Number of protein chains: 2
Amino acid sequence: MEKILGIFDKFPFLSDSAKTGFLSNLEKVEFNKGDLLEKEGEVSQYLYYFLEGSARSFYNRNNRDITVSFTLDGEFVTAMHSFITRKPSYENIETLEKSKAYRISHDTLENMFENFPETERAYRMILEEYYIVLEEKQIFSKFKTAQERYLELMEYRPKVIQKASVGHIASYLDMSIETLSRIRARI
Amino acid sequence: MEKILGIFDKFPFLSDSAKTGFLSNLEKVEFNKGDLLEKEGEVSQYLYYFLEGSARSFYNRNNRDITVSFTLDGEFVTAMHSFITRKPSYENIETLEKSKAYRISHDTLENMFENFPETERAYRMILEEYYIVLEEKQIFSKFKTAQERYLELMEYRPKVIQKASVGHIASYLDMSIETLSRIRARI
DNA sequence: CTAATTTATTGATTTTTATCAATAGCTATT
DNA sequence: AATAGCTATTGATAAAAATCAATAAATTAG
């Protein structure tokens, strides 16, 4: 079993046969900057694991583009709401740069669950991670000023600041572009 | 198999043996108003299913009591962050009134996963539900004024307004008590 | 390489909601 | 029923950040 991927690092309980099964069902995909992995209005089909590059998830509301998350290499991403509910997604996912990823379709994943029950645990753990990130983001924002939120992002995910535009970061941190611009000017 | 519970309604795929196993591991618990089900600083031990009554989950920050969710009858609740990570919870859960619930400990749940792999799917679905609620709450708040948030709560979960105090509702809707009071005065 | 377009900065003003403060209304307990 | 202790309302003011507006800088395309 190759170890170059890192994709199984968090799932040591998977049997070799499950890993092999998984690998044979993964599809390697490459993207150019700005490619759309998932589109609003469509049911999210894939769960992605980023090998290289980065992406952002966003949605539109009142003609605004709101970034809800950033994905860096070594991380999983999908339009989770749609992936879970099998209803059309309100989310888009686009790459911020040339990227490489593995992906697995929802259907294939369900087959994996039937054939290798342990894989359901791996998925559960991805889901748990998703949940934790969302909850922590919510609580972290609650008592912080715009500037504190920006400083925390700088501290904990500096890569995001390098890769995303002011507009993306501002909406992600729930502030206007102007406010973020002023914060950057004074720190 | 009795059907009075409703607890299995969402998990039709569970085998009878899994259901029986589950039931024998469920503990029935009763609470008075204000009882603490889960305490901050301690690792969350139980997943609860409310048969009757209601509860709220809250945490303290800067000497403020912030309500993060309400649980009504027929719903599951735990301090999910701690339940997942097995780290001390920052969350408390208290009943808003006399209540009855079933609960299952984390350890027992893990045993269930080993003995009846299908139960892992049921837990996954609870987790998915938790995720969806959190995500929807986040997005719903984003573009709404204080008044709109209150009106939506009235529309979708009117029971909460009957059972919780202004202070609980205000922090849940992310506004001050005074703001909520003014909203109630003018609608 | 230059024009066009998008993205970012800076300033002035407004808006929403928080905070501070005082009072009023409930609830519970003796 | 009276008192104490919360809980809720209402008013005045302040603060944080949004919005509107005008440039400036940086990217992209021709």
Side-chain angles (χ1 to χ4, degrees), chain A residues 31-36 54 56 58 60-67 70 92 94-98 137-154 158 160-187, chain B residues 32-36 54 56 58 60-67 70 92 94-98 137-154 160-187:
Chain A
F31 300 100
N32 288 313
K33 179 175 178 170
D35 283 355
L36 266 190
S54 54
R56 73 180 183 109
F58 63 102
N60 282 283
R61 190 98 160 226
N62 303 137
N63 288 321
R64 293 280 190 68
D65 170 323
I66 310 296
T67 297
F70 294 102
N92 300 282
E94 72 170 15
T95 48
L96 295 173
E97 61 193 306
K98 212 162 180 303
K137 190 188 170 197
Q138 212 169 58
I139 286 168
F140 134 93
S141 307
K142 198 129 186 172
F143 288 101
K144 309 243 189 248
T145 61
Q147 175 157 329
E148 287 168 334
R149 297 199 296 279
Y150 181 69
L151 290 175
E152 281 214 20
L153 182 63
M154 267 184 81
V160 165
I161 289 169
Q162 288 148 34
K163 298 190 178 206
S165 72
V166 173
H168 299 155
I169 298 169
S171 71
Y172 176 70
L173 293 177
D174 205 5
M175 64 184 76
S176 69
I177 288 176
E178 293 92 329
T179 296
L180 178 52
S181 198
R182 279 183 254 266
I183 286 167
R184 295 175 86 142
R186 71 169 174 256
I187 59 172
Chain B
N32 288 314
K33 178 173 179 173
D35 283 355
L36 266 190
S54 55
R56 73 179 183 109
F58 63 102
N60 282 283
R61 190 100 157 223
N62 304 137
N63 287 321
R64 294 280 191 66
D65 170 322
I66 310 295
T67 298
F70 294 102
N92 301 281
E94 71 170 17
T95 48
L96 294 173
E97 61 191 308
K98 212 162 180 304
K137 189 187 172 195
Q138 208 168 60
I139 286 169
F140 134 93
S141 308
K142 199 130 185 170
F143 287 101
K144 309 244 187 245
T145 61
Q147 176 157 331
E148 287 167 334
R149 296 199 296 280
Y150 181 70
L151 290 174
E152 281 215 21
L153 182 63
M154 267 184 81
V160 165
I161 290 170
Q162 289 149 31
K163 299 191 177 205
S165 72
V166 174
H168 299 155
I169 299 169
S171 71
Y172 176 70
L173 293 176
D174 205 5
M175 64 184 75
S176 69
I177 288 176
E178 294 92 329
T179 297
L180 178 52
S181 197
R182 280 183 254 267
I183 287 168
R184 295 175 87 141
R186 70 169 175 258
I187 58 174

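The chains referred to below are lettered A, B, ... by the order of the sequence lines, with proteins before strands, and numbering in each begins at 1. Keep in mind that what you see is a predicted model, and the values were worked out from it rather than measured.
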For A:Leu180 and C:dT7, give me the distance from atom CG to atom P, rounded to whole Å.
15 Å
Atom-to-atom span, NZ of B:Lys142 to P of D:dA18 - whole angstrom
11 Å
Please confirm whether the backbone N or O of A:Arg149 pairs with a side-chain atom of A:Glu152, one donor and one acceptor, at under 3.5 Å?
no
Please tell me if the side chains of B:Asn92 and B:Leu36 come closer than 4.5 Å, counting only heavy atoms from C-beta onward.
yes
Round to a whole Å and report the spacing from CG of B:Asp174 to C1' of C:dT17.
11 Å
Between B:Arg64 and B:Phe58, is there a side-chain heavy-atom distance shorter than 4.5 Å?
no
Closer to the 5' end of DNA chain D via nearest nucleotide, is it A:Met175 or B:Ser165?
B:Ser165
So which nucleotide from C:dT7, C:dT10, C:dT19 ends up closest to the side chain of B:Arg64?
C:dT19
Can you check the B:Ile161 CD1 to D:dT7 P distance for me, whole Å?
19 Å
Write down the distance between CD1 (A:Ile183) and C1' (C:dA8), rounded to a whole number of angstrom.
14 Å
The side chain of A:Arg182 lies closest to which of these nucleotides: C:dT10, D:dA17, D:dA8?
C:dT10
Rounded to whole Å, CZ of A:Arg184 lies from P of D:dA26 at a distance of 12 Å
Return the nearest nucleotide to the side chain of B:Glu178; candidates are C:dG11, D:dT10, D:dA17.
D:dT10
Grab the NZ-C1' distance between A:Lys33 and D:dA29 for me, whole Å please.
15 Å
May I ask you to say what B:Ile177 touches in the nucleic acid, namely base, sugar-phosphate or nothing, with a heavy-atom cut-off under 4.0 Å?
base
Tell me: CZ of A:Arg186 to P of D:dA17, nearest whole Å?
8 Å
With heavy-atom distances below 4.5 Å as the criterion, would you say the side chains of A:Lys163 and A:Phe70 are in contact?
no
Hey, what do you get for CD1 (B:Ile169) to CZ (B:Arg56), rounding to the nearest 0.5 Å?
11.0 Å
Options C:dA18, D:dA18, D:dT9, nucleotide nearest the side-chain atoms of A:Ser176
D:dA18
